[in-house]
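Right, one structure below, let's go through it.
Atom set for the values below is all heavy atoms of this structure, side chains included, hydrogens, waters and symmetry mates excluded. Throughout, numbering of the chain's residues begins at 1 and tracks the sequence. This is a predicted model, so every value here is computed, not measured.
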Amino acid sequence: MNQLLSQLRPIAHPAMRIMVGLMYWSHGAQKLFAWFGRDEPVELMSRFGAAGIIEFFGGLLIVFGVFTQPVAFLVSGEMAVAYFWMHVPRGGLWWWANRGELVAVYCFVFLYLSTVGAGGFSIDAWRASRKSAR
């Protein structure tokens, strides 16, 4: 079983990156354009507007695997800030009390991607293969 699952790693890694990036991107689209159920966009020159910009464009870069490691590090930091700025005041440090589970998961998934990179099926991998072919 472990051998079968390890053979799926080249597909599972980019699939996770793409799906998490799409979900993250949708949060930015909600904030900036009032898509996906939001009534109106946030004020662009506010902290929510800044978060929307990071989420929208950072999510797209993650989906396509462009500059994945620095972008993932940046968005991981944004999620850490969001956790302590928005969720801790709601119910304390623990995620079960402050409803910060999703933010914490995003933070650590992006921190992981910042250490391992985009994997296959990415512009980063394509650029690396072109560089090594020279």
Side-chain angles (χ1 to χ4, degrees):
M1 181 65 140
N2 287 341
Q3 187 177 18
L4 172 66
L5 292 174
S6 66
Q7 290 175 348
L8 295 176
R9 186 180 183 279
I11 296 167
H13 179 120
M16 181 205 57
R17 183 197 82 239
I18 291 165
M19 287 308 302
V20 170
L22 281 172
M23 290 185 275
Y24 189 71
W25 167 84
S26 72
H27 289 286
Q30 283 178 318
K31 289 177 181 78
L32 295 180
F33 307 113
W35 293 352
F36 310 118
R38 190 174 184 98
D39 292 333
E40 61 184 40
V42 299
E43 177 63 40
L44 193 58
M45 300 306 286
S46 69
R47 64 183 173 184
F48 293 110
I53 290 167
I54 292 169
E55 292 165 6
F56 186 83
F57 292 104
L60 283 178
L61 291 170
I62 294 290
V63 166
F64 291 107
V66 181
F67 305 117
T68 304
Q69 290 181 289
V71 170
F73 188 75
L74 172 78
V75 299
S76 174
E78 185 222 351
M79 289 292 94
V81 168
Y83 187 83
F84 288 102
W85 201 355
M86 300 303 297
H87 292 275
V88 168
R90 285 186 190 168
L93 187 62
W94 303 111
W95 56 88
W96 58 81
N98 66 27
R99 300 179 61 204
E101 300 93 342
L102 183 60
V103 173
V105 168
Y106 276 141
C107 179
F108 284 95
V109 167
F110 289 131
L111 188 59
Y112 171 74
L113 286 174
S114 75
T115 64
V116 298
F121 307 110
S122 68
I123 293 174
D124 287 346
W126 174 75
R127 287 176 39 221
S129 70
R130 286 194 65 213
K131 193 180 253 186
S132 68
R134 291 183 189 172

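- Rounding to the nearest 0.5 Å gives a distance of 9.5 Å between CE of Met16 and CD1 of Ile62.
- Residues Ala34 and Pro41 come closest through the heavy atom pair CB-N, 3.5 Å.
- No side-chain heavy atom of Leu61 sits under 4.5 Å from any side-chain heavy atom of Thr68.
- The nearest pair of heavy atoms linking Ile53 to Leu44 is CD1-CD1, 3.7 Å.
- Ala118 and Gly65 make their closest contact through CB-CA, 4.1 Å (heavy atoms, listed as atom of the first residue, atom of the second, distance).
- Gly91 and Ala97 get closest at one heavy-atom pair: O-CB, 3.2 Å.
- Taking the side chain as every heavy atom from C-beta outward, Glu55 and Leu32 never approach each other to under 4.5 Å.
- By the 6.0 Å contact criterion, CZ on Phe33 is enclosed, its count of non-hydrogen atoms from other residues, nucleotides or ligands being greater than 12.
- Residues Leu102 and His27 form a side-chain contact, since some pair of their non-hydrogen atoms from C-beta on lies under 4.5 Å apart.
- A continuous path of ILVMFWY side-chain contacts below 4.5 Å connects Phe36 to Met19, so both sit in one hydrophobic cluster.
- Proximity of Leu93 to Phe84: side-chain heavy atoms (C-beta onward) are separated by under 4.5 Å at one or more points.
- Within 6.0 Å of atom CZ in Arg38, more than 12 heavy atoms from other residues, nucleotides or ligands are found, so the atom counts as buried in its surroundings.
- In this view, Ser114 and Ala72, Phe73, Leu111 satisfy the side-chain contact (heavy atoms from CB on, under 4.5 Å) rule, not counting sequence neighbours.
- No continuous path of ILVMFWY side-chain contacts below 4.5 Å connects Ile11 to Leu22, so the two sit in separate hydrophobic clusters.
- Looking at heavy atoms from C-beta onward, Phe110 lies in side-chain contact with Val20 at the 4.5 angstrom threshold.
- In the hydrophobic clustering of this structure, Trp94 does not group with Met86; members are Ile, Leu, Val, Met, Phe, Trp, Tyr whose side-chain heavy atoms approach within less than 4.5 Å, directly or through other members.
- Screening residues 76-91 for side chain to side chain donor-acceptor pair (under 3.5 Å), with sequence neighbours left out, gives Tyr24-Glu78, Tyr83-Asn98.
- With hydrophobic clusters built from ILVMFWY side chains whose heavy atoms lie under 4.5 angstrom apart, Phe57 does not share a cluster with Val81.
- When every heavy atom of Ser129 is checked against every heavy atom of Ser132, the shortest pair comes out as O-OG, 3.1 Å.
- The stretch residues 4-23 participates, sequence neighbours left out, in no side chain to side chain donor-acceptor pair (under 3.5 Å) pair at all.
- The distance from atom CD1 of Ile54 to atom CE of Met79, rounded to the nearest 0.5 Å, is 8.5 Å.
- Grouping the Ile, Leu, Val, Met, Phe, Trp and Tyr side chains by contacts below 4.5 angstrom, directly or via other members, places Val75 with Phe67.
- Taking the six-membered ring where the residue is Trp, Phe56 and Trp25 present tilted rings, their angle falling between 30° and 60°.
- Side-chain contact between Val71 and Leu113 is absent, with no heavy-atom pair separated by less than 4.5 Å.
- The shortest non-hydrogen separation linking Gly117 to Gln69 is CA-CG, 3.6 Å.
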